Amino acid sequence: MCADAQSVVLANEKIPKAAKYVRQSDAKGIQSLTLIQGKYMRKYQIAVVVGSLRHSSFNRQLAHAIEKLAPPNFSFIQLQLADLPLYNQDDDANQCEAVKRLKSEIAAADGLLFVTPEYNRSIPGVLKNAIDHASRPYGQNAWGGKPAGILGVSVGVIGTAAAQQHLRTILAYLDVATMGQPEAFIQAKDGLVDQAGNIGADSRDFMLGWFDHYVAWVQKHVA
Ligand code: FNR
């Protein structure tokens, strides 16, 4: 074992099981979570799945904005869904590069964050297509065992509630541990995400509270 590898192992042994965070504000009043307990910060990689390909998607804007609320030991990768072909079971034995990339990025993640609109009272086809791809071939489900949070923005007043219920059913089958509370059914409103790409002032406390729980949920499920 080389010296670097050994020092990593030693550091990992001292990672606290339950790190503690406080909210802190910067000069502009933007709050984030800061680690206060735990000398060694275990790093968490989150795979973000946005269920819209629309250029100015509210859900993608929210996904980018919420990343800014995260503690520094959380990093995010947005999974690319646009180049996935339509799922065809005939291709299971020979998955294309885009599907292999999707599966390897999910496998490398400690947790999942779904941010999706509602289409016709369910999840968009683009999201279901990605879920199906990464669940196959049979026995090689990439989603299994990951903790997940679900957020959704839509223009309707129920703020993706119906879509989120369908998504929970699908993810339960795929052995994903979805956080039950707090729920976040968000109606698209001016100022939800401000010009600078931050969560707007009216929604910041709610989203920070949601993110506090999400951080704890991921930490609880990751050994
Ligand atoms: C929608 N929209 C929508 N909204 C909603 O609240 N409930 C719904 O069931 C639907 N259904 C629906 C179907 C289809 C095919 C489209 C294109 C749209 C409206 C939807 O909330 C709106 O287009 C959002 O802007 C989509 O999210 P993004 O793309 O902005 O992230």
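Worth knowing before you read on, the calculation uses all heavy atoms, side chains too, and leaves out hydrogens, waters and symmetry mates. Quantities reported herein were computed from a predicted structural model and do not represent experimental measurements. In listed order, ligands and their atoms are each counted from 1.
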- With a cut-off of 4.0 Å, which atoms of ligand 1 are near a heavy atom of Val155? 19 (C), 21 (O)

- Item | Nearest-contact summary for atom 9 (O) of ligand 1 - protein heavy atom, Å | Arg121 N, 2.8 Å

- Return yes if some donor-acceptor pair links the side-chain N/O of Glu105 with the main-chain N/O of Leu79 below 3.5 Å, else return no. no

- How many angstroms lie between CG in Asp132 and CG in Asn141, if you round to the nearest 0.5 Å? 10.5 Å

- Query: Got a second to check how far Thr169's OG1 is from Gln164's CD, nearest 0.5 Å?
  - Reply: 12.0 Å

- Task: Considering heavy atoms of the protein only, find what lies nearest to atom 30 (O) of ligand 1 and give residue, atom and distance to 0.1 Å.
- Result: Arg54 NH2, 2.7 Å

- Item | Within-cutoff protein neighbour (heavy atom, under 4.0 Å) for atom 21 (O) of ligand 1 | yes

- Query: Quick one: does ligand 1 sit under 4.0 Å from the side chain of Glu118, the backbone, both or neither, non-hydrogen atoms only?
  - Reply: both

- Looking only at distance, does Ser56 have an N or O less than 3.5 Å from an N or O of ligand 1? no

- Item | Atom pair CD1 (Ile77) and CD1 (Ile106), whose distance is rounded to the nearest 0.5 Å | 10.5 Å

- Message: Below 3.5 Å, N or O to N or O, backbone or side chain included: is there any such pair between Pro117 and ligand 1?
- Response: no

- Task: Check ligand 1 against Gly156 and write out every atom of the ligand that is under 4.0 Å from a heavy-atom position of the residue.
- Result: 6 (O)

- Item | Identity and distance of the protein heavy atom lying nearest atom 6 (O) of ligand 1 | Ser154 OG, 2.9 Å

- Task: Return yes when atom NZ of Lys100 has more than 12 non-hydrogen atoms of other residues, nucleotides or ligands closer than 6.0 Å, and no otherwise.
- Result: yes

- Task: Give the numbers and elements of all ligand 1 atoms closer than 4.0 Å to a heavy atom of Ser52.
- Result: 28 (P), 29 (O), 31 (O)

- Considering heavy atoms of the protein only, find what lies nearest to atom 11 (N) of ligand 1 and give residue, atom and distance to 0.1 Å. Asn120 N, 2.8 Å

- Within a radius of less than 6.0 Å around CZ of Phe206, do more than 12 heavy atoms belonging to other residues, nucleotides or ligands occur? yes

- Lys189/Asp202 ion pair, N-O < 4.0 Å: no

- Who gets closest to atom 17 (C) of ligand 1 by heavy atom: Phe185, Tyr119, Phe58? Tyr119

- Atom indices of ligand 1 within 4.0 angstrom of Asn59 heavy atoms, with elements: 27 (O), 28 (P), 31 (O)

- Message: Please determine whether the number of non-hydrogen atoms from other residues, nucleotides or ligands lying under 6.0 Å from atom CG of Asp190 exceeds 12.
- Response: no

- Do the rings of Trp143 and Phe114 sit parallel, tilted or perpendicular, given the 30° and 60° boundaries? tilted

